[in-house]
Amino acid sequence: MPALRTMEPHSCVHCQDCVIDISDQPRFPDNGFVSYTLTDVETRRDAGCPLFQFIITAFHDDDWIWAQCRAGVGFRCVAWCSVENGERSIGFSVVDARGKIVLRHPTKVLVLTADEANPAAQWVPTRPINLTRGTSKSYQLAKSWLSECLNSHHHHHELPSEMPMPSRLLNISRTNDTYEVRVMKPTASVPFVALSYCWGGDQPHKSIKANLKLGERIMACGDLPTTIQDAVSVTFNVGYNYLWVDSLCIVQDDDDDKSREIARMPEIYSNSAFTIAATGSTAATEGFLNLTRTDSKEVTLKLTLQCPDGQNGVVIAHWDRHMLDPDDAEALDTRAWAFQERLLSIKILEFKSHQMKFVCPSSGGKRWQDGWRDPWESHTGTNDLISSLARGQGEPRRVWWDVIERYTRRNLTIPSDRILAISGIANRIGTYLNDRYLAGHWQSTLPDDLLWYTPPESPPSFIRRTPSWSWTSVDGTILRFHPRASPDHVKAELLHHTLELRDGNAPYGTIQAASLTIKGRLKAAWCTMIEGEYGNVNPGGQDSSLYKSDLDPLAFNYPAQARKWVVTLLEINAGENFVLPTRAPQDLYTRVQKPQWITFGLVLKEETLSDDMEGHVIEGHRRFSRLGIFSFNWLPDPGRSPVYDPFRDCDTEIIELI
C-alpha cells in the first residue's frame with residue numbers, strides 16, 4: 001500500500017517572491033513582510049498559483065468588500081507571520097493606503113513546517129507530516145512518549161491479580177517478519193492494548209460461534225483487515241503482546257456475550273495500557289500506518305524563510321479544510337461508539353491524517369505529537385470530560401449533559417445502539433453520582449431532565465424507540481434546557497418508575513420497557529399543523545398566543561388528512577427570570593430583556609385519545625407518550641401581574657408516562 005501522501009509542495013515564479021522575513025515581526029503587522037496590489041493577486045491567481053488562489057479564497061465571504069477595495073486606490077494585500085502555541089503560520093490582510101486593516105481572516109492561515117536539518121528548523125518548531133509511521137523510528141518515538149507519560153504523571157499501571165480482564169484477548173507472536181494472532185481467554189492479569197477504529201461495514205473476519213473452537217481461534221495476521229494488522233504491529237513493536245479488538249474479542253452472533261462485554265467496556269478501556277485510535281481511517285480495510293489520503297482542498301507550498309541569523313531556509317506552508325471545521329476533522333471523530341472509547345481510555349496513541357499523537361486524559365489532557373498541532377484540540381475538551389471528575393473537578397450532571405450533546409452529534413450505523421454506545425460512559429459517571437440510571441436519565445433529576453429537544457438544524461429522526469420520554473428514543477442531536485430554577489420552581493413530581501432491561505446484569509444497557517409515574521397538573525390543548533409541519537399547541541382562552549412548542553412530528557400517529565389533534569400539556573417547572581439557553585429553538589420563547597414568568601412542560605399524547613375534546617379527561621390513571629416540550633411566556637407589562645399561572649384552574653393528576 002502506498003505511503004500517506006498529500007499534494008506535492010507547489011513552487012512557481014508567482015509565489016517564490018513571497019519570502020518570509022521573521023527577523024523583526026510583530027504578530028499582526030500592518031505592513032507585513034511582503035505586499036501585493038489586489039490586481040496583482042488576481043493576475044497571479046488566474047495564472048494558476050495555489051498561493052494566490054488561497055488568498056482569494058480566504059476572503060470569499062467578503063468578496064463584496066474585496067471588489068470595493070479592488071476599485072479603490074492604494075489598497076494592498078499584505079502577508080503577516082504569527083506564532084501561537086509554538087506554531088508559526090502566515091496569513092493575509094487587505095490594508096488601505098494608510099496601512100489600516102480592512103479585511104483579515106485570522107483563522108485561515110498557512111501552517112509552516114520545517115525538517116530538523118533545515119536552517120529554518122530553529123525558528124519553525126513544527127515538523128512535517130510523518131509519512132513513515134510504521135518504522136522503528138516511529139515505534140521508538142511512541143515508546144518514549146509512553147515512558148515519559150508514566151514517569152512524569154506518576155501513573156502506575158500495575159497489574160494486581162484481581163484486576164478485571166477482558167473475556168478474550170488477541171495473543172500476538174512473531175516469527176521472522178510474520179505475525180500470528182490467537183484469540184484466547186486470559187487466565188491471569190496481563191498488560192494489554194485496546195483498539196478504537198471505524199468498522200466501515202460488516203467485518204468478515206469477526207468472531208462468531210462457528211469459528212471459536214473451545215473459545216480460541218488462531219489466524220495469520222495477513223488475513224485480517226489492514227487496520228487490525230497495523231494495530232498488531234504497533235502493539236508488538238511498542239512492547240506488548242496482547243491486544244483487544246471488539247470484532248474479534250466479542251462473539252458477534254451471541255447477544256448474551258455482546259451484552260456482557262459491552263457492559264465491561266469501562267474496565268477494558270480504562271485498564272488497557274493505552275488505546276490505539278485509528279482516527280484517520282474510515283474503514284478497517286484502510287489501515288492507519290500507510291494511509292493514502294488526498295484532499296482537493298489542500299494547499300501545500302514550498303516557500304523561502306529568511307532566518308534572523310541571515311541564512312535562508314525552506315519551509316512547507318500547508319492548509320486544508322480540517323483546520324477550519326472541527327466537525328470535519330477525522331473519520332473516527334464522527335462515530336458514536338468511538339466517542340465512548342476515547343472518554344473511557346486513560347492514555348491514547350492516536351494516528352491522525354497529519355500526525356501521530358499521544359494523549360493522557362487522566363493528567364488533564366497532556367499530549368505529545370509529531371507533525372503539526374491539531375488546531376481544534378484546545379477547543380473540544382473531549383478527552384477531559386470524564387477525567388475531570390476523577391480529579392474532583394466538574395459537576396457530574398452537567399458533565400453528563402455535555403456528554404449527551406457531543407455524543408448525539410455523532411453517527412451510528414445501527415440506530416438502536418443509541419443507548420448501548422453510551423452505556424460505558426453512563427456506568428463511569430454513575431460512580432460519581434450514586435444515582436439510579438433510567439434509560440439515559442438519572443432518577444434524582446427527573447422529571448426536570450425530560451425537557452430535552454432536538455435543535456432545528458439536527459437531521460430529522462426517522463424512527464422512535466421506547467420509552468418515549470427518553471432522549472434515546474429519537475435520533476439526532478439532543479440539547480436540554482438549563483433554566484436557573486430553584487427547587488420551588490419544579491412543579492411535577494416523580495412518584496415511581498418501572499424498568500425492564502434486556503439483560504439484568506447490564507443496568508446501563510438495552511431497555512425492553514420503562515415507565516414513569518408522575519404527579520402534576522395537566523391541561524388539554526389542540527395541536528395544529530402549519531405549512532406541513534407540526535406547529536404550536538393551543539389550549540384555548542385569551543392567553544393561548546403565549547404558548548410556544550417544539551414537537552417531534554414522528555411521534556404523531558394520526559390520519560394524514562387531519563390537521564388538528566388533541567394533546568395534553570404537563571407542567572414541569574415554572575418561575576421568574578429563567579436563564580434560557582442560547583441555542584434553543586427560536587420559536588420556543590420570546591427573547592426579551594425584561595423579567596418574565598415562564599412555564600416549561602411536556603406535550604403529551606394519551607394512548608387512548610378521544611376525538612371529542614370534552615370527553616378527553618377520564619377517570620383514573622391515564623397513560624401518555626411524549627411528543628415534545630412547550631413554554632408559556634408571561635411578560636408582566638405595566639398593569640399586569642408579575643406572576644401568571646396558566647395551570648391555575650387545573651387539577652393535579654397522577655399519570656403514567658411510557
Side-chain angles (χ1 to χ4, degrees), residues 5-23 25 27-63 65-67 69-70 75-84 87-95 101-115 118-121 123-124 126-129 293-307 312-325 354 371-373 375:
R5 58 188 174 92
T6 57
M7 297 172 64
E8 288 297 321
H10 169 86
S11 178
C12 70
V13 296
H14 299 291
C15 57
Q16 278 310 295
D17 62 352
C18 183
V19 178
I20 305 169
D21 181 4
I22 60 171
S23 57
Q25 287 292 315
R27 184 176 181 187
F28 292 121
D30 290 345
N31 56 351
F33 57 79
V34 68
S35 68
Y36 307 91
T37 67
L38 304 193
T39 300
D40 195 15
V41 171
E42 292 179 348
T43 299
R44 298 184 186 211
R45 174 203 62 185
D46 295 341
C49 179
L51 172 62
F52 295 92
Q53 292 172 349
F54 172 82
I55 294 173
I56 295 291
T57 303
F59 301 118
H60 176 74
D61 294 337
D62 303 296
D63 51 2
I65 300 177
W66 175 277
C69 295
R70 171 72 172 74
F75 290 92
R76 299 182 66 81
C77 177
V78 301
W80 43 262
C81 187
S82 71
V83 179
E84 184 175 359
E87 184 174 78
R88 192 176 294 275
S89 60
I90 60 173
F92 302 88
S93 303
V94 174
V95 301
I101 295 177
V102 179
L103 285 176
R104 177 168 63 86
H105 198 313
T107 60
K108 196 163 187 180
V109 296
L110 292 164
V111 175
L112 303 183
T113 66
D115 287 321
N118 194 283
W123 292 274
V124 180
T126 306
R127 300 293 165 251
I129 299 168
R293 181 182 180 278
T294 57
D295 192 334
S296 61
K297 296 183 179 180
E298 287 186 12
V299 177
T300 306
L301 307 162
K302 181 185 293 185
L303 301 175
T304 299
L305 184 134
Q306 185 175 322
C307 304
N312 283 343
V314 175
V315 294
I316 303 300
H318 191 95
W319 177 90
D320 75 15
R321 61 195 171 104
H322 303 308
M323 301 175 70
L324 284 182
D325 188 355
H354 292 112
W372 63 44
R373 177 182 61 88

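Residue numbers run from 1 in the order of the sequence given.
- Under the side chain to side chain contact (heavy atoms under 4.5 Å, CB included) criterion, D46 pairs with no residue at all, not counting sequence neighbours.
- Looking at L38 and F59, their side chains never come closer than 4.5 Å, going by heavy atoms from C-beta outward.
- D21 places no side-chain N or O within donor-acceptor distance of the main-chain N or O of F33, the cut-off being under 3.5 Å.
- The side-chain hydrogen bond (donor to acceptor under 3.5 Å, both in side chains) check on W123 picks up nothing, with sequence neighbours excluded.
- In this structure, V41 and I56 have side chains that are in contact, with non-hydrogen atoms separated by less than 4.5 Å.
- Under the 4.5 Å side-chain criterion, counting only non-hydrogen atoms from C-beta, L51 is in contact with F92.
- Of the possible donor and acceptor atoms, none in the side chain of R88 sits under 3.5 Å from a partner among the backbone N and O of V124.
- The SG atom of C18 sits 8.5 Å away from atom CG of L110, with the distance rounded to the nearest 0.5 Å.
- Residues forming a side-chain hydrogen bond (donor to acceptor under 3.5 Å, both in side chains) with D115 (at least two apart in sequence, or on another chain): none.
- Within the 4.5 Å cutoff, the side chain of V34 has no heavy atoms near those of the D17 side chain.
- For the pair R76 (side chain) and V94 (backbone), a donor-acceptor distance under 3.5 Å is absent.
- Within the 4.5 Å cutoff, the side chain of V109 has no heavy atoms near those of the E87 side chain.
- Put simply, the side chain of K108 reaches to within 4.5 Å of the side chain of T57, judged on heavy atoms.
- Separation of atoms OG1 (T300) and CD1 (I316) is listed at 8.0 Å; rounding is to 0.5 Å.
- Put simply, the side chain of Q16 gets close to the backbone of K302: a donor and an acceptor are under 3.5 Å apart.
- Counting heavy atoms from C-beta outward, T113 and R127 have side chains that stay 4.5 Å or more apart.
- Within the 4.5 Å cutoff, side-chain heavy atoms of H10 are placed close to those of C49.
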